[in-house]
Asks: 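Have a look at this one.
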Amino acid sequence: MFGRSARKKPRHDAITAFLGAGTQYCGQFHFQGVARIDGGVIGDIESDGVLVLGEEGYVEGRIRVAELVASGRIVGDVEASRRVILHARANLCGNLLAPAMIIEAGAVINGLVRMGAPAQTIQVAGRPPQALTTAEAGKPAREDGN
């Protein structure tokens, strides 16, 4: 009636998954759309959507999402294909890779920060990944990375 469609269009900014404070999830976490975590996740998180980590939220594992908005604590590497926003109370202990970042004063990052395409790999101390696996296996890594 009056030119409006009878069906409502889905909101792309609406939260599609929610993990409340005091709740803990262990395992792989996959979602579509927007997910908000105010509890704890122990395991890897993967999505082409937006992850919102509240002030009481905690993630121990690798995060690979399109966009991350964090105010909580992360222990693990973060890779975003669009952008990362770390609010003042955010605490990241791990490497960060994203093409765009907003890091507020007070946010803590203990790890390597790299701006670039998500297909790039994060190198530790300038060594390529194959040098890391050789060094971690107990064999000395050569300076030239071979």
Side-chain angles (χ1 to χ4, degrees), residues 4-5 7-137 140-146:
R4 290 190 174 178
S5 173
R7 289 189 327 184
K8 289 185 178 181
K9 293 182 181 178
R11 290 183 53 197
H12 295 288
D13 61 344
I15 294 175
T16 56
F18 181 77
L19 188 65
T23 306
Q24 187 170 14
Y25 176 83
C26 295
Q28 300 290 321
F29 190 76
H30 298 273
F31 66 91
Q32 292 180 343
V34 180
R36 180 175 176 100
I37 297 175
D38 287 322
V41 172
I42 298 175
D44 296 342
I45 298 175
E46 290 192 31
S47 175
D48 58 355
V50 178
L51 175 63
V52 179
L53 184 64
E55 284 188 17
E56 305 213 4
Y58 174 82
V59 175
E60 185 177 327
R62 184 175 67 178
I63 298 175
R64 297 181 77 180
V65 293
E67 189 170 328
L68 172 67
V69 180
S71 297
R73 187 162 178 235
I74 302 167
V75 177
D77 294 342
V78 173
E79 184 179 310
S81 60
R82 283 196 304 251
R83 73 175 176 171
V84 170
I85 300 172
L86 297 179
H87 291 294
R89 297 194 40 106
N91 187 314
L92 170 62
C93 184
N95 299 322
L96 175 60
L97 173 62
M101 298 176 204
I102 299 172
I103 302 171
E104 291 183 358
V108 176
I109 302 173
N110 289 311
L112 298 174
V113 176
R114 184 168 179 179
M115 292 183 75
Q120 297 175 338
T121 58
I122 297 175
Q123 298 179 3
V124 177
R127 296 184 296 174
Q130 65 269 22
L132 290 177
T133 56
T134 304
E136 290 169 355
R142 293 179 18 193
E143 287 297 317
D144 63 1
N146 293 323

Asks: So, does Glu104 use its side chain to make a donor-acceptor pair with the main chain of His87 at under 3.5 Å?
Replies: no
Asks: Indicate yes or no for a side-chain donor-acceptor contact from Thr16 to the backbone of Gln32 under 3.5 Å, with no hydrogens or angles considered.
Replies: yes
Asks: If only atom types and distance count, is the side chain of Asp77 paired as donor or acceptor with the main-chain N or O of Asn95 below 3.5 Å?
Replies: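 Looks like yes, one N/O pair under 3.5 Å.
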Asks: Would you call the rings of Phe29 and Phe31 parallel, tilted or perpendicular, where under 30° means parallel and over 60° means perpendicular?
Replies: tilted
Asks: Minimum heavy-atom separation for Leu19 and Gly40, please, with both atom names.
Replies: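 Nearest pair, atom of Leu19 first, then Gly40: CD2-O, 3.5 Å.
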Asks: Check Arg114, Met101, Glu79 against Leu96 for a side-chain contact (heavy atoms from CB on, under 4.5 Å) and give me the one that passes.
Replies: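 Exactly one pass, corresponding to Met101.
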Asks: Got a second to check how far Asn110's CG is from Asn91's CG, nearest 0.5 Å?
Replies: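 Between atom CG of Asn110 and atom CG of Asn91 there are 6.5 Å.
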Asks: In a check of side-chain contact (heavy atoms from CB on, under 4.5 Å) between Leu68 and each of Leu92, Val52, Val84, which one passes?
Replies: Val84
Asks: Please report the closest heavy-atom contact between Ala107 and Ile103, naming both atoms and the distance.
Replies: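 Minimum heavy-atom contact is CB-CG2, 3.9 Å.
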Asks: Test Tyr25 against every option in Ile45, Ile42, Val41, Val59 by the side-chain contact (heavy atoms from CB on, under 4.5 Å) rule and name the one that passes.
Replies: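 So the option named by the test is Val41.
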Asks: Taking all non-hydrogen atoms of both residues, which atom of Ala80 and which atom of Arg83 are closest, and how far apart?
Replies: CB-O, 3.6 Å
Asks: CG of Leu53 to OG of Ser71: how many Å apart, nearest 0.5 Å?
Replies: 7.5 Å
Asks: Kindly give the heavy-atom pair with the smallest separation between Ser81 and Ala66, and that separation in Å.
Replies: OG-CA, 3.2 Å
Asks: Indicate the atoms forming the closest heavy-atom contact of Arg82 with Pro99, along with that distance.
Replies: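 So the two residues come closest at O-CG, 3.2 Å.
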Asks: Using a strict threshold of under 4.0 Å (side-chain N to carboxylate O), is an ion pair present between Arg62 and Glu46?
Replies: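 Salt bridge flag = yes for Arg62 with Glu46.
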Asks: Counting only heavy atoms from other residues, nucleotides and ligands, does the tally under 6.0 Å from CZ of Arg36 exceed 12?
Replies: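 Counting neighbours around CZ of Arg36, more than 12 heavy atoms of other residues, nucleotides or ligands fall under 6.0 Å, so yes.
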Asks: Working to the nearest 0.5 angstrom, can you tell me the gap between Asp44 CG and Glu60 CD?
Replies: 10.5 Å
